[in-house]
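All chains are named by letter (A, B, ...) in the order of the sequence lines, taking the proteins before the strands, and each is independently numbered beginning at 1. Just so you know, these numbers use all the heavy atoms, side chains as well, and skip hydrogens, waters and symmetry mates.
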There are 2 protein chains.
Amino acid sequence: MARAATTSDAFNAVAEPRRREILSYLALRERPVGDIVIALQLEQPSVSKHLRVLRDVGLVRMRREGRRKLYRTNAEAIRPLHEWAGEFERFWRHQLNQVKERAEAKMAEANLKKKKEDS
Amino acid sequence: MARAATTSDAFNAVAEPRRREILSYLALRERPVGDIVIALQLEQPSVSKHLRVLRDVGLVRMRREGRRKLYRTNAEAIRPLHEWAGEFERFWRHQLNQVKERAEAKMAEANLKKKKEDS
DNA sequence: ACTATATATTCCTATATGGGCATATGTCAA
DNA sequence: TTGACATATGCCCATATAGGAATATATAGT
């Protein structure tokens, strides 16, 4: 089996750096495709394709305005990702504590040694 | 250009569902490969390959113990992902408020209408 | 040295890209 | 209708899978 489609879920869609840039850019306010092309210095077809992927997984929404199409980030769709990563927060906090404790233990040990030498 | 390597960064590595499962499983405590095989019902070579990817991007750490290798999740490496997604939090909060405000406006309008009918 | 156990790597195949380029589609304006 | 503008799609190619099967590597025990 090959790798899962980029349109299979938000995780796969945001794996691509350009798509993450597009999401950041479109989070502030809706923009036509041409603006993205200029702002991110990408080829227009490339932008359209990335937008297609992002739309398929619900990460952006679009509305037509004349001959332009205005896209905006649907932040809500990024939430599951945030929550998944958040599950690990208590673990990295714990790991940091362990590092800190080890450092403190080392300091205490060094101090004891110094005291001995002084006496 | 093809899709970026799964080992290019954490975003690409966690795009694969099985790898996310492995990370969750190894977050609780270190485990030998065989345990993962049993717990997640995967082929052993498949697990080894996933672990290889996860190791390359620093998402798991390994230490040898006799003929076994004990893996554990390095939660710290998931943090950048959490922070990236967190940048969008204010946007989805805002969007939710808009939805709520629209709903409230609608309610108010309905109430006004009802009052009119009553009078 | 030999055997059993635990993991890792290699080879194969089907599939899905992402970029570049050309082209199609859709919409406004005269 | 014709022309210009904005966006989307199709095609080609090089690349990177993920899974399955077979095999290689490493280590413990006898």
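- Within 4.0 Å (heavy atoms only), A/S48 reaches at least one base atom of the nucleic acid.
- The residue among A/R3 and A/L42 whose nearest nucleotide of DNA chain C lies closer to the 5′ end is A/R3.
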Contact string for nucleotides 20-27 of chain C, one letter per nucleotide 5' to 3', B = base within protein heavy-atom range under 4.0 Å, S = sugar-phosphate only, - = neither, reads BBB---SS
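- For B/H50 and B/R18, the side-chain atoms include no donor-acceptor pair closer than 3.5 Å.
- The phosphate of D/dA6 has neither OP1 nor OP2 within less than 4.0 Å of any side-chain N or O from A/K69.
- Note: CG (B/D35) to P (C/dT5) measures 17 Å, nearest angstrom.
- When the P atom of C/dA16 is taken as reference, atom CG of B/N12 falls 17 Å away, rounded to whole Å.
- Residues B/V53 and B/L59 are not in side-chain contact: their nearest non-hydrogen atoms beyond the backbone lie 4.5 Å or more apart.
- Proximity of the aromatic rings of A/H82 and B/W92 is defined here by a centroid distance below 6.0 angstrom, and this criterion is met.
- Computed from coordinates, the A/D9 CG to C/dT17 P distance equals 12 Å when rounded to whole Å.
- Two residues, A/V47 and B/E65, neighbour DNA chain D, and the one matched to the more 5' nucleotide by heavy-atom proximity is A/V47.
- Note: CE (B/M1) to C1' (D/dC12) measures 16 Å, nearest angstrom.
- Salt-bridge annotation for A/R61 and A/E30: absent, with no side-chain N of the basic residue lying under 4.0 Å from a carboxylate O of the acidic one.
- Protein atom CD1 of A/I36 is 14 Å distant from nucleotide atom P of D/dA6, rounded to whole Å.
- Counting to the nearest Å, the P atom of C/dA16 and the CD atom of A/E16 are 17 Å from each other.
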Salt bridge (Lys or Arg N to Asp or Glu O under 4.0 Å) assessment of B/E65 paired with B/K69: CA-CA 6 Å; B/E65 193 202 56; B/K69 291 183 176 179; over 6 Å; no
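- No engagement by A/R55 is indicated, since no non-hydrogen atom pair under 4.0 Å with the nucleic acid exists.
- Distance, A/D56 CG to C/dA16 P: 14 Å, rounded to whole Å.
- Salt bridge absent: B/E16 and B/R20 never bring a charged side-chain N and a carboxylate O closer than 4.0 Å.
- Checked against C/dG18, D/dT7, C/dT9, the side chain of B/R52 finds its nearest nucleotide in C/dT9.
- The interatomic distance linking A/R19 (CZ) with C/dG19 (C1') rounds to 13 Å, in whole Å.
- Nearest heavy atom pair, residue A/Y71 against residue A/V60, reads CD2-CG2, 4.0 Å.
- An OP1 or OP2 oxygen of D/dA8 is reached within less than 4.0 angstrom by a side-chain nitrogen or oxygen of A/Y71.
- For the pair A/L51 and A/A2, nearest-nucleotide mapping onto DNA chain D gives the more 5' position to A/L51.
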